[in-house]
Amino acid sequence: MAALGAGLEQAGALAVEYSFSVLGAVILLIAGFIVAGVVERSAYRGLGGVRGFDETLKKFLSKTARYGVLVITVVAVLAQFGVQTASILAALGAAGLAIGLALQGTLQNIAAGIMLLVLRPFRVGEYVDAGSVSGSIVEIGLFATELKTVDGLFVLAPNSELWNSPVTNYTRNALRRADVTIGIGYGDDIDLAQATLAGLIDGDKRVLSEPAPATFVSELGDSAVAVTARYWTKTPDWFQTKLDVTKAAKLAFDDKGISIPFPQRDVHLIGQDKD
């Protein structure tokens, strides 16, 4: 009976002790979830106050802050039951290292995505060329970037590929230069050809007066003299202006009798028997 009483007394003491531990763990969990939510919302609002900060990056960083608080909460809860937190942290570190090695390519894409969102070499709607990928940016994600090609194709490029390649952004700058080069015959009037091109670009309202447009002889080819018109436009007008100037130059040259010769080659046969 004495042994039974002692056992019941010890069980009661353990129950009281663990009930307080369980109660403390529950309170920690509730408090941890509340604090995690507050931290997430505060981080999101704080980052939202930074001008130009990307929406995707705001969500990622605020979620990361939330999960960090939750991890600390779980470690504190386990400490309530006498679990050694040092061993827990060591296990989490080892697990993190293993996961990092297994997902090395994925983590590399995430890191590249964060750098792309921070440094902004391109934005949604801009047309870029990066390595073997080119197209208009549709969405920049943490893992990959979605593009749309000029012929309407869907392209999903890993962020690491875009980050590790030189990026040519065709629409970032407000102004863009264009060269329209047309070959004329060696017997044609070069001054007339230059004056004709100059009149065309001066008469186009999309061509900017500053930087000043220019016309010049750019090359003496095998069968033609290359005359170039160089001018600047606003970037959205660049493509259509170049098409219109090229067509207008052909029509104007035809009207003024300036030839645009086909490639020619003189072939001399040596050693052929004479009749």
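A pairwise comparison of heavy atoms in Asn159 and Gly113 identifies ND2-CA, 3.4 Å as the closest pair. The nearest pair of heavy atoms linking Asn109 to Pro158 is OD1-CB, 3.7 Å. Across Gly32 and Leu70, no two heavy atoms sit closer than the pair O-CD2, 4.2 Å. For the residue pair Phe122 and Ile140, the shortest heavy atom distance occurs at O-CD1, 3.6 Å. The two residues Ser223 and Tyr186 have their closest heavy-atom pair at C-CE1, 4.0 Å. Summarising the geometry of Ala112 relative to Trp163, their closest heavy-atom pair is CB-CB, 3.7 Å, with the distance given to 0.1 Å.
Counted within 6.0 Å of CZ on Phe239, heavy atoms from surrounding residues, nucleotides or ligands total 12 or fewer; the atom is thus considered open. A 6.0 Å sphere centred on CZ of Phe216 holds more than 12 heavy atoms belonging to other residues, nucleotides or ligands.
Residues Leu162 and Ile114 share a single hydrophobic cluster, defined by chaining ILVMFWY side chains whose heavy atoms lie under 4.5 Å apart. The cluster map of Ile, Leu, Val, Met, Phe, Trp and Tyr, joined by side-chain heavy atoms under 4.5 Å apart, puts Leu29 and Val35 in different clusters. The cluster map of Ile, Leu, Val, Met, Phe, Trp and Tyr, joined by side-chain heavy atoms under 4.5 Å apart, puts Val217 and Ile182 in the same cluster. Both Val150 and Tyr170 sit in one connected hydrophobic cluster of ILVMFWY residues. Membership requires side-chain heavy atoms under 4.5 Å apart, directly or through other members. Linking Ile, Leu, Val, Met, Phe, Trp and Tyr residues whenever their side-chain heavy atoms come within less than 4.5 Å leaves Leu153 and Ile137 in two separate clusters.
Side chain of Trp232 to main chain of Leu175: no donor-acceptor pair is present (N/O by atom type, distance under 3.5 Å, no hydrogens or angles).
A distance of 11.0 Å separates OG of Ser62 from CZ of Arg45, quoted to the nearest 0.5 Å. With values rounded to the nearest 0.5 angstrom, Tyr127 atom OH is found 10.5 Å from Thr168 atom OG1. Considering CD of Gln194 and CG of Leu197, their distance stands at 8.0 Å, rounded to 0.5 Å.
Side-chain contact between Val167 and Asp129 is absent, with no heavy-atom pair separated by less than 4.5 Å. The side-chain heavy atoms of Ile201 and Val245, taken from C-beta on, include a pair separated by under 4.5 Å. The shortest side-chain heavy-atom distance between Val155 and Glu146 does not fall under the 4.5 Å cut-off. Put simply, the side chain of Lys148 does not reach to within 4.5 Å of the side chain of Phe154, judged on heavy atoms. Leu147 places a side-chain heavy atom less than 4.5 Å from the side chain of Val128. Thr215 is not listed as a side-chain neighbour of Thr228, based on a closest heavy-atom distance of 4.5 Å or more. Tyr231 is listed as a side-chain neighbour of Val180, based on a closest heavy-atom distance under 4.5 Å. With a 4.5 Å cut-off on side-chain heavy atoms, Asn164 and Gln108 count as touching.
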task: Determine, stepwise, if the pair Arg120 / Leu116 fulfils side chain to side chain contact (heavy atoms under 4.5 Å, CB included).
output: CA-CA 5 Å; Arg120 313 289 285 181; Leu116 291 174; over 6 Å; no
- request: Using the side chain to side chain contact (heavy atoms under 4.5 Å, CB included) rule, take Val207 and Asp202 through it: C-alpha gap first, then chi angles, then the decisive distance, then the call.
  value: CA-CA 7 Å; Val207 174; Asp202 288 341; 5.9 Å; no
- request: Start with the C-alpha gap between Val118 and Met115, add the side-chain angles, then the distance that decides, and say whether side chain to side chain contact (heavy atoms under 4.5 Å, CB included) holds.
  value: CA-CA 5 Å; Val118 171; Met115 296 305 296; 5.6 Å; no
- request: Apply the test side chain to side chain contact (heavy atoms under 4.5 Å, CB included) to residues Val138 and Val124: give CA-CA distance (whole Å), side-chain angles for both, the deciding distance (0.1 Å), then the verdict.
  value: CA-CA 5 Å; Val138 177; Val124 173; 5.9 Å; no
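Under the rule for a ring-ring contact (aromatic ring centres under 6.0 Å, His included), Phe143 has no partner lying at least two apart in sequence or in another chain. Checked against side chain to side chain donor-acceptor pair (under 3.5 Å), Glu126 has the following partners two or more places apart in sequence or in another chain: Asn169, Arg172.
Using modelled atom types, one finds a donor on one side chain and an acceptor on the other under 3.5 Å when comparing Ser132 with Glu161. A donor-acceptor pair shorter than 3.5 Å can be found between the side chains of Thr149 and Asp151.
If you run side-chain contact (heavy atoms from CB on, under 4.5 Å) between Asp237 and each of Arg206, Lys205, Arg176, only Arg206 comes through.
Using a 4.0 Å cut-off between a side-chain N of Lys or Arg and a carboxylate O of Asp or Glu, Lys242 and Asp244 do not qualify as a salt bridge.
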Sequence neighbours left out, cut at 3.5 Å: what donor-acceptor pairs do the side chains of residues 250-262 make with other protein atoms?
unit_1: Lys250; atom_1: NZ; unit_2: Asp254; atom_2: OD1; d: 3.3
unit_1: Lys250; atom_1: NZ; unit_2: Asp254; atom_2: OD2; d: 2.4
unit_1: Ser259; atom_1: OG; unit_2: Asp188; atom_2: OD2; d: 2.4

